[in-house]
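Notes follow the structure.
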Protein chains: 2
Amino acid sequence: MSVPLYQHVYDTIIARIVDGDLGPGAMLPSETDLGRELGVSQGTARKALIALEQRGILQRRQGRGTFVTTTTPERDHFHFFRLRLADGSEASPELESERVSRRAATEAERALFGEDDVFEIERGRSVAGRVVVREVSSLPVTLFPGLADRAPLPNALYALYQQSYGIAIAEADEQLQAVLASEDDATLMGIDLGTPLIQVRRKAIDISGRVVEQRLSRYLTDALHYAVTLR
Amino acid sequence: MSVPLYQHVYDTIIARIVDGDLGPGAMLPSETDLGRELGVSQGTARKALIALEQRGILQRRQGRGTFVTTTTPERDHFHFFRLRLADGSEASPELESERVSRRAATEAERALFGEDDVFEIERGRSVAGRVVVREVSSLPVTLFPGLADRAPLPNALYALYQQSYGIAIAEADEQLQAVLASEDDATLMGIDLGTPLIQVRRKAIDISGRVVEQRLSRYLTDALHYAVTLR
DNA sequence: GAGTGGTCTAGACCACTCT
DNA sequence: GAGTGGTCTAGACCACTCG
């Protein structure tokens, strides 16, 4: 019993999602059926399902069933976009401008993605009519074939990654620093050169543990703030 | 069964910690004994214990037992202090300066704490010889009697709150904005006026759900960054 | 009413820690 | 070896959802 049985159930479900056997929104077998299929008891299957629910990969509802989480635009924005209004309510960002291109990877990107080319997406986002976000994302081209041809891209990129490429983002690691607005920032946001901004370097990690996107964002935080809870 | 049995176990343990019956580091009864004592099965007691472990309130180790989490300076720093070095490793902050005083609460503090007086702690912290943090904390006086007389306070305040006042911090809500260094910031940190800083407004919440501290911090992030993981 | 997840039990055995 | 948490089972009943 070096590897617990519930771990096997857990890994099996992850594999089925990664392989596309279970797409976004797909319903899983009941606890009893899943246990029978994999040769474990209902309680053991249940333990794996609960762990997957806690990681946000599955959603369970009493009386309905267990489903693969669909990365809706709502979840994408609320969970992975941390800008909030002064009263703590969600800020709904709207897409203001976009530029999608393909270019050679930097050395850091080659090390991160193991590829020579990346797509680069530069976007401006506005809240309440003011441009407050400027972000530049880079993605390995082989994971996202034909991405540039899909422009203009939808507001919520992670929902697109899951719907169109079967890549589900499970985690994002962010590193924040305070910077001064550059000329590009100032032009896009309509602010003075040297306005203080929060710069965020994000690595987005999918459920199989790969880094699938890197993003450099700059947030104007005079009316908004970046909210986070530590537990 | 409107309220599950494991919830009763959960609440009972929280109450014992809040009441001081279970202090930091105290060992709990075994799952079997706890279940017998509270009239539930071992599995039900176990479920409550695991939930408390996931909130960071208990620590469990196979073969040893279940213990009330001690807020060590290490946990305090690593978990509730998010500044990291460029390579992601922990930045160990050292206390550089301190001022403790008692003053009348602001209107916001009165609403938050329900008290008329607060202690105010202003501190500077350094990493690798440079002052990079300036923080001002305020605490309701009745929860922390005699705090001002304890100056100089230890580096890790949350460990002090638990050891000396039985108040265990379980959660911290932070709101981040980018600001420019004021004259006070510049003097303390030895930087130019107008250097960009990350300003953090934190509310610290204990295991019984009370807000027990408010803190306004400013971080110099030229060599460090504020790191956070979204799941 | 059939099917789902949520709670709860009683009992078994394994793996780890400490003395 | 005694005591702890970790895994696993089989079965029961409750609560919710939906046709």
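Here the structure is a predicted model, which means the values were calculated and not measured. The chains referred to below are lettered A, B, ... by the order of the sequence lines, with proteins before strands, and numbering in each begins at 1.
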**Study point:** Any donor-acceptor pair under 3.5 Å from B:S137 side chain to B:R215 backbone
**Key:** no
Review point. How about B:Y6 and B:R46: do any of their side-chain heavy atoms sit closer than 4.5 Å?
Key: no
**Study point:** Which atom of A:V133 lies closest to which atom of A:F81, heavy atoms considered
**Key:** CG2-CZ, 4.0 Å
Revision key, fill the gap. Among C:dG5, C:dT7, D:dG6, the one nearest any side-chain atom of B:R60 is D:dG6
**Study point:** Selection from C:dT4, C:dT17, C:dC8 that lies nearest to any side-chain heavy atom of B:P4
**Key:** C:dC8
Exercise for review: With the side chain of A:T66 defined as its heavy atoms from C-beta on, choose the nearest nucleotide among C:dG5, D:dT9, C:dT9.
Suggested key: C:dG5
Exercise for review: Let me know the distance between CG of B:L58 and P of D:dG6, rounded to the nearest Å.
Suggested key: 12 Å
Check your understanding: In whole angstroms, how far is the P atom of C:dG6 from the CD1 atom of B:I50?
Key -> 16 Å
Review point. Given axes from five pairs at either end, by how many degrees does the helix from C:dG1-D:dC18 to C:dC18-D:dG1 bend, rounded to 10°?
Key: 20°
Check your understanding: Counting only side-chain N and O atoms of B:R64, is one of them less than 4.0 Å from OP1 or OP2 of C:dC18?
Key -> yes
Practice item. Could you tell me the separation between the CD atom of B:E31 and the C1' atom of C:dC8, rounded to a whole number of Å? Key: 15 Å
Exercise for review: May I ask you to say whether B:E94 pairs ionically with B:R123, meaning some side-chain N is under 4.0 Å from a carboxylate O?
Suggested key: no
Review point. A:H8 NE2 to D:dT9 C1': how many Å, rounded?
Key: 18 Å
Revision key, fill the gap. Comparing nearest nucleotides in DNA chain D, the 5'-proximal residue of the pair A:G63, A:G39 is A:G39
Exercise for review: Measure from NZ or CZ of A:R84 to the centre of the six-membered ring of A:F78 and say whether it is under 6.0 Å with the direction within 45° of the ring axis.
Suggested key: yes
Exercise for review: Select base, sugar-phosphate, or nothing to describe what B:T32 touches, counting heavy atoms under 4.0 Å on all strands.
Suggested key: nothing
Review point. Considering only D:dC8, D:dC16, C:dA10, which nucleotide approaches the side chain of A:Y6 most closely?
Key: D:dC8
Review point. Taking atom types as modelled and ignoring hydrogens, do the side chains of A:T71 and A:D76 form a donor-acceptor contact shorter than 3.5 angstrom?
Key: no
Practice item. Rounded to the nearest angstrom, tell me the gap between atom CD in B:Q42 and atom P in C:dC8. Key: 14 Å
**Study point:** Centroid-centroid distance, B:F119 to B:F144, less than 6.0 Å
**Key:** no
Review point. A:K47 NZ to D:dT9 C1': how many Å, rounded?
Key: 13 Å
Revision key, fill the gap. Separation of C:dT4 atom P from A:Q62 atom CD, nearest Å, is 13 Å
**Study point:** Of the listed nucleotides D:dG5, D:dT17, C:dT4, the one nearest the side chain of A:M27
**Key:** C:dT4
Exercise for review: Scan A:R46 against the nucleic acid and name what it touches under 4.0 Å (heavy atoms): base, sugar-phosphate only, or nothing.
Suggested key: base
Review point. Would you say a side-chain N or O of A:T44 is under 4.0 Å from OP1 or OP2 of D:dT9?
Key: yes
Revision key, fill the gap. To the nearest 0.5 Å, atom OG of B:S217 lies from atom CZ of B:R202 at 6.5 Å
Review point. Which nucleotide sits closest to the side chain of B:V40: D:dC18, C:dT17, C:dT9?
Key: C:dT9
**Study point:** Protein-nucleotide distance (B:R36, atom CZ; D:dT4, atom C1'), rounded to Å
**Key:** 14 Å
